[in-house]
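In the text below, chain A, chain B and the rest are named by the order of the sequence lines, each starting its count at 1.
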Number of protein chains: 4
Amino acid sequence: MPASEPEVPRRTLRKQREKEQRIAAILAAAEKLFAQKGYQTASMGDIADLAEFSTGTIYFYFKNKEDLLIRLMNDCVYLLRESLAGGLRSSDFALADFCQVGQVFLLDFCSRYPEKATILFRETVGQGAEVEEQRKQLFEKLTADIQGGLEEVCRREGDIVISAPLMELIAVLTVGLYAQVAYHYLIWRDESDRIPEISDQTVTFLLAGVNALLQQQLEGRA
Amino acid sequence: MPASEPEVPRRTLRKQREKEQRIAAILAAAEKLFAQKGYQTASMGDIADLAEFSTGTIYFYFKNKEDLLIRLMNDCVYLLRESLAGGLRSSDFALADFCQVGQVFLLDFCSRYPEKATILFRETVGQGAEVEEQRKQLFEKLTADIQGGLEEVCRREGDIVISAPLMELIAVLTVGLYAQVAYHYLIWRDESDRIPEISDQTVTFLLAGVNALLQQQLEGRA
Amino acid sequence: MPASEPEVPRRTLRKQREKEQRIAAILAAAEKLFAQKGYQTASMGDIADLAEFSTGTIYFYFKNKEDLLIRLMNDCVYLLRESLAGGLRSSDFALADFCQVGQVFLLDFCSRYPEKATILFRETVGQGAEVEEQRKQLFEKLTADIQGGLEEVCRREGDIVISAPLMELIAVLTVGLYAQVAYHYLIWRDESDRIPEISDQTVTFLLAGVNALLQQQLEGRA
Amino acid sequence: MPASEPEVPRRTLRKQREKEQRIAAILAAAEKLFAQKGYQTASMGDIADLAEFSTGTIYFYFKNKEDLLIRLMNDCVYLLRESLAGGLRSSDFALADFCQVGQVFLLDFCSRYPEKATILFRETVGQGAEVEEQRKQLFEKLTADIQGGLEEVCRREGDIVISAPLMELIAVLTVGLYAQVAYHYLIWRDESDRIPEISDQTVTFLLAGVNALLQQQLEGRA
DNA sequence: GATGAATGAGAGTTCATTCAT
DNA sequence: GATGAATGAACTCTCATTCAT
């Protein structure tokens with residue numbers, strides 16, 4: 001293996017790495033400030049200061065302030081979906097397991113990254129058409145993931161056949177459940193210590209709810 | 001001294017009425033524009049134009065733009081709580097009835113006043129500390145109402161005793177369920193025609209969830 | 001004396017009196033607020049509130065806000081000139097007596113009406129061309145009074161002949177002396193208790209100054 | 001390591017210089033307009049136009065309009081105190097010399113910079129609490145300078161001992177004398193040609209006044 | 001690539017003044 | 001005469017964005 005001929009020269013790699021580090025630094029600063037002071041209140045100057053760059057540099061890496069917020073939102077959802085996917089991939093896949101993904105959301109995502117949760121559920125709402133459009137699409141992906149997980153469960157569980165609209169509703173309801181728990185108990189109040197208990201109860205609630213809907217559908221079809 | 005003479009002269013009454021009409025007109029204009037263009041994008045000038053007043057007049061009736069939003073939010077929640085209270089007051093009060101209040105929310109509130117729903121769930125989020133504080137308090141009242149209704153049900157249903165934190169969680173989950181349904185099916189998509197069906201299914205879900213949590217608690221205490 | 005035929009009907013007199021009372025009330029409110037919060041900061045609404053009238057009423061009695069300030073300034077100068085004239089009219093009129101008028105200014109005017117002094121020396125300065133023009137004219141009258149008093153003294157004292165420009169300068173210097181004392185010891189610091197002593201010393205200073213200038217002129221002409 | 005290399009690169013120096021030039025240009029424009037149209041009437045837009053910058057640029061260098069006025073006032077007082085210090089430093093230091101500083105004020109400051117004089121004595125008065133507070137402090141410094149000069153004279157002249165309050169009063173009176181002369185003969189009327197003569201006479205007046213107070217104190221103590 | 005001074009449109013807000021009642 | 005709601009011009013100030021260096 002001749003070390004003398006790298007396909008991509010080392011220098012380019014380093015530059016690439018540095019570039020990504022700078023982007024990460026800016027995003028980290030923006031995340032912190034948006035969560036702390038709010039998207040509107042935090043100025044590009046504030047972000048530049050915290051990231052230890054000049055204002056102009058931010059504009060080299062990001063189109064504008066909105067882009068920053070959208071990138072942040074994307075990253076949040078990406079991370080969240082990764083976590084959920086990890087949870088959903090776990091073997092021995094039953095409905096009960098499916099419902100466990102809420103734990104992942106509350107413990108692995110919200111508790112660990114409270115600022116990301118704040119961005120996702122607060123600072124990203126009510127910020128104009130463009131952000132809203134992106135947000136909608138991201139949440140649809142999230143909903144689709146959940147729906148996908150549920151479909152998988154149904155398939156494995158055997159002969160449960162469930163209509164797509166109902167499946168989607170279940171996903172929507174699941175998102176609503178957890179979003180409100182996060183907002184209420186983590187963003188508004190800071191009761192992180194109660195989260196494990198609340199998470200358990202929410203699972204119970206969700207599981208019963210889902211079962212009831214499945215049951216109802218079966219009966220309806222019968 | 002003839003008692004038939006009104007203590008308050010007619011003229012004063014008319015002035016009072018006109019004043020309230022003007023306030024209502026301004027709020028209506030703000031509501032429309034905030035829902036349509038967004039809180040940030042709609043300017044005080046826009047609102048004044050639509051309300052057919054001058055900018056200054058808006059400031060005669062409202063402290064500032066934020067005040068306008070907060071007033072709007074208050075009115076939304078007031079209206080919503082009135083509706084829910086009406087639903088909750090209905091006789092023959094059982095758990096199943098309790099769960100019907102979601103219908104009231106979706107059909108009597110969101111569908112009839114989609115702009116109010118948009119204000120409440122979108123334009124009122126992420127608009128800074130003051131608005132957020134008010135929003136939190138209003139949602140706590142809403143949650144408390146639901147909790148109150150549930151307590152009433154438990155009392156009537158007999159010997160069901162339920163811990164306050166759990167009761168609160170149920171209320172929070174209920175809010176989450178319906179908030180997400182409204183956002184997903186009415187604000188994002190406009191699928192008002194599916195609402196009745198969705199509403200039914202959500203009731204089933206909610207009822208099962210609540211029952212499961214009550215059951216769990218009874219067992220836990222046993 | 002037939003009481004049945006008043007030249008001016010009683011009602012008219014009463015109305016006239018009431019009108020003047022209202023004007024006085026408004027001016028008093030304006031004086032207080034201008035001195036307290038400053039001319040710019042005090043709004044017409046503030047003045048109306050304090051005077052217990054509506055905004056519109058102020059405009060029935062005064063052309064505009066500037067008019068209010070100018071009227072106030074006029075009244076101040078009128079009162080001040082009255083006081084000074086009283087002092088200057090006192091018999092046994094010598095140069096030393098002339099210089100006593102400063103006492104009148106400090107004790108009878110500034111100490112008794114600190115708000116008027118504040119209007120005259122602070123709030124009336126730097127408020128635009130119209131006010132400045134009026135102020136200039138009022139101060140010229142004031143200067144002319146002092147000059148007049150001094151001329152009277154010179155005439156009585158015998159053969160002292162003094163050129164008009166010098167006389168004017170002396171008047172200007174006198175105004176400067178007392179204006180600064182008032183500003184420094186009453187508006188900036190509140191050392192009213194030191195005023196008698198300071199007043200005495202200022203008289204000594206003034207007397208010596210005036211004498212020196214008179215002396216110089218005599219020598220110059222000789 | 002060659003010592004000839006400058007620690008601070010040339011470019012930085014040039015930038016620094018340019019920055020100061022821009023600040024000076026803005027201040028010059030503000031000074032001109034405040035003196036001409038008045039502080040209230042001159043808008044930030046006017047200043048920006050005259051300085052050939054955009055409005056925003058003014059706010060890059062100055063906090064707000066008031067800051068501009070205060071900076072201007074500071075600069076005036078700084079310049080004035082420099083001039084006076086130069087005058088007071090002159091050798092052969094006698095009371096007569098001390099009194100000459102008025103010449104410096106009238107000829108070197110007011111006549112040369114009539115706009116600065118207008119700012120200092122007119123536009124800076126009656127502009128609200130913050131400006132007034134700064135003004136008071138600046139005038140106290142000015143008064144202290146004069147007092148200091150007088151103390152120096154007394155020390156050199158021999159055994160003249162003078163109480164601090166009296167010394168301060170003399171300084172205050174001196175300021176009053178010259179301030180009024182400047183206002184009367186330069187701001188109100190434009191009689192710059194009479195200034196030399198007036199200045200002489202004011203010196204005579206001041207000198208006699210000061211001497212009289214010193215004399216009085218000596219006698220009082222005897 | 002990075003900088004940060006310059007931009008300038010645009011917003012919210014104030015308030016002296018008016019005038020129909 | 002008195003009222004106070006309505007006006008609307010004018011202001012200060014912000015800040016996302018650009019671009020010459």
Nearest to the C:N64 side chain among E:dT13, F:dA16, E:dT17, which nucleotide is it?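 Among the listed nucleotides, the one closest to the side chain of C:N64 is E:dT17.
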
Ignoring the backbone of B:F60, work out which of F:dG4, F:dT17, F:dG1 is nearest its side chain.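 Among the listed nucleotides, the one closest to the side chain of B:F60 is F:dG4.
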
Does F:dT3 have a Watson-Crick or wobble partner in any strand here, with both distances under 3.5 angstrom, and which is it?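 With both distances under 3.5 Å, F:dT3 matches E:dA20.
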
F:dT12 - base-pair partner by Watson-Crick or wobble geometry, distances under 3.5 Å: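 Pairing partner, where one exists within any strand: E:dA11.
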
Between B:F53 and D:E66, which residue's closest nucleotide on DNA chain F lies nearer the 5′ terminus?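 Mapping each residue to its closest nucleotide by heavy atoms, the 5'-most match is B:F53.
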
Using heavy atoms to find the nearest nucleotide of DNA chain F for B:E52 and D:Q40 separately, return the residue whose nucleotide is more 5′.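 Looking at the nearest nucleotide for each, B:E52 comes out on the 5' side.
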
Does OP1 or OP2 of [N] have a side-chain N or O of [X] closer than 4.0 Å?
X: D:S54; N: E:dG8; value: no
X: C:R22; N: F:dA2; value: yes
X: A:Y61; N: E:dA2; value: yes

Let me spell it out: for each of D:T55 and C:Y59, pick the nucleotide of DNA chain E with the closest heavy atom. Which residue's pick is nearer the 5' end?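 Per heavy-atom nearest nucleotide, the more 5' residue is D:T55.
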
Could you say whether C:K63 or D:G56 is positioned toward the 5' end of DNA chain E, judged by the nucleotide with the nearest heavy atom to each?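 Upstream on the strand: D:G56.
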
Report which part of the nucleic acid D:T57 touches: base, sugar-phosphate, or nothing (heavy-atom distance under 4.0 Å, all strands).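 Base contact.
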
I want to check a possible cation-pi pair here: D:K65 against D:Y39, using under 6.0 Å from ring centre and within 45° of the ring axis as the test.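 Verdict for D:Y39: a cation-pi partner in D:K65.
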
Would you call C:E31-C:K116 a salt bridge at under 4.0 Å N-O?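 Yes, C:E31 and C:K116 are salt-bridged.
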
Cationic N near anionic O, under 4.0 Å, B:E18 to B:R14: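 Yes, charged N to carboxylate O under 4.0 Å.
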
